[in-house]
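The block underneath contains the structure these notes are about, expressed in structure tokens.
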Amino acid sequence: MRTPVIAGNWKLFKTIGEAVSMVNDLKPLVAATQGVEIIVAPAFTALSRVADELAGSGILLAAQDCYWEEEGAFTGEVAPKMLKDAGCSHVIIGHSERRQYFGETDATVNKKAKAAIKAGLTAIVCVGETLTEREADETFAVLETQLLGGLEGLVPEAFSKVIIAYEPVWAIGTGKTASETQAQEVHAFIRSLMARCFGQGNAESMRILYGGSVKPDNVKGLMAQPDIDGALVGGASLQAASFAAIANFAG
Ligand code: PEP
């Protein structure tokens with residue numbers, strides 16, 4: 001019912017040339033993949049060039065961040081409409097690295113998500129608890145705060161343009177994946193929260209991705225969980241073979 005999404009976040013990796021060669025390696029490996037939305041998120045500098053390479057491939061393009069204003073004196077920022085112009089259909093918002101190193105808050109996530117949706121992009125909104133928060137039994141409370149703050153004021157109709165990525169901070173880039181049971185438990189919680197806030201129908205159709213050390217050898221088990229609709233992949237998205245193996249999880 002919900003089309004799975006496999007998205008690769010390339011973070012601060014790959015020059016334009018490296019990005020182009022990566023997608024050209026990837027294209028034949030996923031050419032026969034059906035029923036999965038495959039997304040790559042290169043650095044800003046490579047977006048436009050990668051968009052050209054992806055034309056006709058079915059692979060979609062995301063940016064890793066955006067600003068909330070359409071234009072103005074905001075040195076260093078990139079507007080959602082500029083991302084559209086560069087060929088993006090999606091934008092990652094509120095990644096834990098942006099929250100941790102660049103002062104991203106639920107309030108800025110909210111402004112960015114609204115601006116992205118207004119510009120016609122799909123917002124991949126990231127949430128997740130730290131290890132300290134999990135050990136203090138605060139996971140659900142933290143996620144509730146992040147989601148209610150990050151999605152505040154969004155009208156239910158905007159929900160087709162939102163994908164949520166649950167990324168426990170302790171699992172990102174650490175090689176520690178949440179167990180299938182841990183991830184499913186949180187995804188079910190997120191879906192029930194979304195139903196409470198935005199209606200059962202919107203919650204049922206919303207894709208909720210898991211992120212945190214997803215690899216070819218653990219993706220199948222995660223994807224078998226009823227509320228896990230895809231993966232946001234960091235490290236394993238940097239090589240065509242491992243990313244394609246994840247996108248081809250269904251075999
Ligand atoms: C990420 O960057 O969103 C991520 C999940 O990274 P990794 O897969 O490397 O843990």
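Both counts, for ligands and for their atoms, begin at 1 and track the order of listing.
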query = Is it the case that Gln100 and Ser96 place a side-chain donor and acceptor less than 3.5 Å from each other?
reply = no

key: Residue pair Met223 / Tyr210, side-chain heavy-atom distance below 4.5 Å   = no

message = Is there a side chain to side chain donor-acceptor pair (under 3.5 Å) between Gln184 and Asp227? Walk through the geometry before answering.
response = CA-CA 6 Å; Gln184 166 56 26; Asp227 287 295; 2.8 Å; yes

message = What I want to check is whether the side chains of Glu204 and Gln200 have a donor and an acceptor closer together than 3.5 Å.
response = yes

ask   = Should Tyr166 and Leu147 be counted in the same cluster of Ile, Leu, Val, Met, Phe, Trp and Tyr side chains packed under 4.5 Å apart?
value = yes

query = Under 4.5 Å between any side-chain heavy atoms of Glu133 and Thr139, yes or no?
reply = no

Identify all N/O pairs between ligand 1 and the protein with a separation under 3.5 Å and present them as a table of atom names and distances.
{"from": "ligand 1", "atom 1": "2 (O)", "to": "Asn9", "atom 2": "ND2", "distance (Å)": "3.4"}
{"from": "ligand 1", "atom 1": "2 (O)", "to": "Lys11", "atom 2": "NZ", "distance (Å)": "2.6"}
{"from": "ligand 1", "atom 1": "2 (O)", "to": "His95", "atom 2": "NE2", "distance (Å)": "3.0"}
{"from": "ligand 1", "atom 1": "3 (O)", "to": "His95", "atom 2": "NE2", "distance (Å)": "2.9"}
{"from": "ligand 1", "atom 1": "3 (O)", "to": "Glu167", "atom 2": "OE1", "distance (Å)": "3.1"}
{"from": "ligand 1", "atom 1": "3 (O)", "to": "Glu167", "atom 2": "OE2", "distance (Å)": "2.7"}
{"from": "ligand 1", "atom 1": "6 (O)", "to": "Gly234", "atom 2": "N", "distance (Å)": "3.4"}
{"from": "ligand 1", "atom 1": "8 (O)", "to": "Ser213", "atom 2": "N", "distance (Å)": "3.4"}
{"from": "ligand 1", "atom 1": "8 (O)", "to": "Gly234", "atom 2": "N", "distance (Å)": "2.8"}
{"from": "ligand 1", "atom 1": "9 (O)", "to": "Gly235", "atom 2": "N", "distance (Å)": "2.8"}
{"from": "ligand 1", "atom 1": "10 (O)", "to": "Gly173", "atom 2": "N", "distance (Å)": "2.6"}
{"from": "ligand 1", "atom 1": "10 (O)", "to": "Ser213", "atom 2": "N", "distance (Å)": "2.8"}

